[in-house]
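Only one structure is covered here, and it is reproduced in the block below.
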There are 2 protein chains.
Amino acid sequence: MAQDKQSIAQASAIAADDFAPDGDDTGRSNLFTIGDLAREFGVTLRTLRFYEDKDLITPQRDGLNRLYTRRDRARLKLVLMGKRVGFSLNEIKDMLDLYDLRDGQVMQLKVALGKFNEQIALLERQKKDIEQALTELRRTVSVVGGLLKEKEQAAG
Amino acid sequence: MAQDKQSIAQASAIAADDFAPDGDDTGRSNLFTIGDLAREFGVTLRTLRFYEDKDLITPQRDGLNRLYTRRDRARLKLVLMGKRVGFSLNEIKDMLDLYDLRDGQVMQLKVALGKFNEQIALLERQKKDIEQALTELRRTVSVVGGLLKEKEQAAG
DNA sequence: TGCTTAGCTTACGTTTGCGTCAACGTCCAG
DNA sequence: CTGGACGTTGACGCAAACGTAAGCTAAGCA
């Protein structure tokens, strides 16, 4: 089953800002090390490298060392949000790529909106499945519980 | 995400009978071929062989061909029910093995009951996770939807 | 100089549940 | 004799997301 363990950690919500054309890169602390981001978002270094390998985030380099910009950080935020709501990394990549095309902004937002709605439908189905499973389990528990009572009385 | 596709097909409910000491094997049609069971339960041959490989079901042989008894059939039923409610094949195997020990019947039923309740708790957690994801997605949809309206108005 | 911290790359391992060939054997109807 | 239907045993493939070494580098500091 999915949605397993640690659904804890960073659940930094998405803001309209995260969908802005290009995060204002004129602040001060604009560069992060891999460790910085890992700590901030509660992921491992391996994870960040993995995401890079999958072209989800593409930090610059200072020699060999990775340097993440605010834009990278924003992307990571979107990736993690995507994961939380059940998208696969591939789906997330598709959306981010689409976003990068920037063919007018509107198109991509519409596409994303579509995927979000699909995902909502999917999650609702899963929720139903789980509810059915719960129903069956509870019924079974009562059946088995009944048997147990009998047995214990008989043996008691 | 789990609970994916085909949650359709055979959802033959569990009855108290399925937990009986040993299915009365004195009826007539007591032997089934692999194809029989596959059709009856809507699984593939591959699946049944796979279950055998995992020691979930251990049919006899007629030469090379598998022959399933009513007991095997009952086990299969339990396996599929276990799957429906989210147990892994390993967990299911553990329970079936335990069941086979038959150290007094009561003990195993108690253990199973415990696992069922754990699973109920797990599913409830997953349900909550999904609900949270849904909440976040819906919020995001409204945010993105808002952005879209703005953009479309601006662009006319 | 030696330790610690932080980072790097490469690459195999893990888990779950089968799908999908490949290459044959067997038996029955036509 | 031939073509299906039904069955058999391997055995590789896959998807997802990293974990987990192994082995190396470079900087900082005590």
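Letters A, B, ... mirror the listed sequences (proteins, then strands); counts begin at 1. All values below come from the heavy atoms of this structure, side chains included, with hydrogens, waters and symmetry mates left out.
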In Å, rounded to the nearest 0.5 Å, how long is the span from CE of A:Met81 to CD1 of A:Ile92? 9.0 Å
Okay, side chain of B:Glu152, backbone of B:Lys149: is any donor-acceptor separation there less than 3.5 Å? no
Okay, side chain of A:Gln60, backbone of A:Arg66: is any donor-acceptor separation there less than 3.5 Å? no
What distance do A:Lys127 atom NZ and B:Leu134 atom CG have between them, rounded to the nearest 0.5 Å? 6.5 Å
Nucleotide nearest A:Thr44 when distance is taken to its side chain, options C:dC8, D:dC18, D:dG19: D:dG19
Phosphate oxygens OP1/OP2 of D:dT9: is one of them under 4.0 Å from a side-chain N or O of B:Arg66? yes
Whether A:Ser142 side chain and A:Arg139 backbone form a donor-acceptor pair below 3.5 Å: yes
If the cut-off is 4.0 Å, is B:Lys83 near the phosphate of C:dC18, judged by side-chain N/O to OP1 or OP2? yes
Minimum-distance nucleotide (side-chain atoms of B:Ile34 versus D:dT8, C:dT16, C:dC8): D:dT8
Using whole Å, what does the distance between atom P of nucleotide D:dT8 and atom CZ of B:Arg46 come to? 12 Å
Between D:dT20, D:dA17, C:dT20, spot the one nearest the side chain of A:Ser88, thanks. D:dA17
Please report the distance, rounded to the nearest Å, between CZ in B:Phe87 and C1' in C:dT16. 16 Å
Protein-nucleotide distance (B:Leu45, atom CG; D:dT9, atom P), rounded to Å: 11 Å
Take B:Asp129 and B:Arg125 through the test salt bridge (charged side-chain N to carboxylate O under 4.0 Å, His left out) and record every step on the way to the result. CA-CA 6 Å; B:Asp129 285 345; B:Arg125 260 174 279 148; over 6 Å; no
B:Leu48 has an atom CG; how far is it from atom P of D:dT9, in whole Å? 12 Å
Atom CG of A:Leu37 and atom P of C:dA6 are separated, to the nearest Å, by 15 Å
Could you grab the distance from atom CZ of B:Arg71 to atom OG1 of B:Thr58, nearest 0.5 Å is fine? 7.0 Å
With respect to the side chain of B:Arg49, which nucleotide from C:dT9, D:dT9, D:dA17 is positioned closest? D:dT9
Does D:dG7 have OP1 or OP2 under 4.0 Å away from a side-chain N or O of B:Thr33? yes
Would you kindly give the CG-to-P distance between A:Leu67 and C:dA6, to the nearest whole Å? 16 Å
Atom CZ of A:Phe41 and atom P of D:dA17 are separated, to the nearest Å, by 18 Å
Which parts of residues 50-65 of chain B get close to DNA chain C, meaning a heavy atom less than 4.0 angstrom away? B:Phe50, B:Tyr51
Between D:dA17 (P) and A:Arg84 (CZ): distance, integer Å: 15 Å
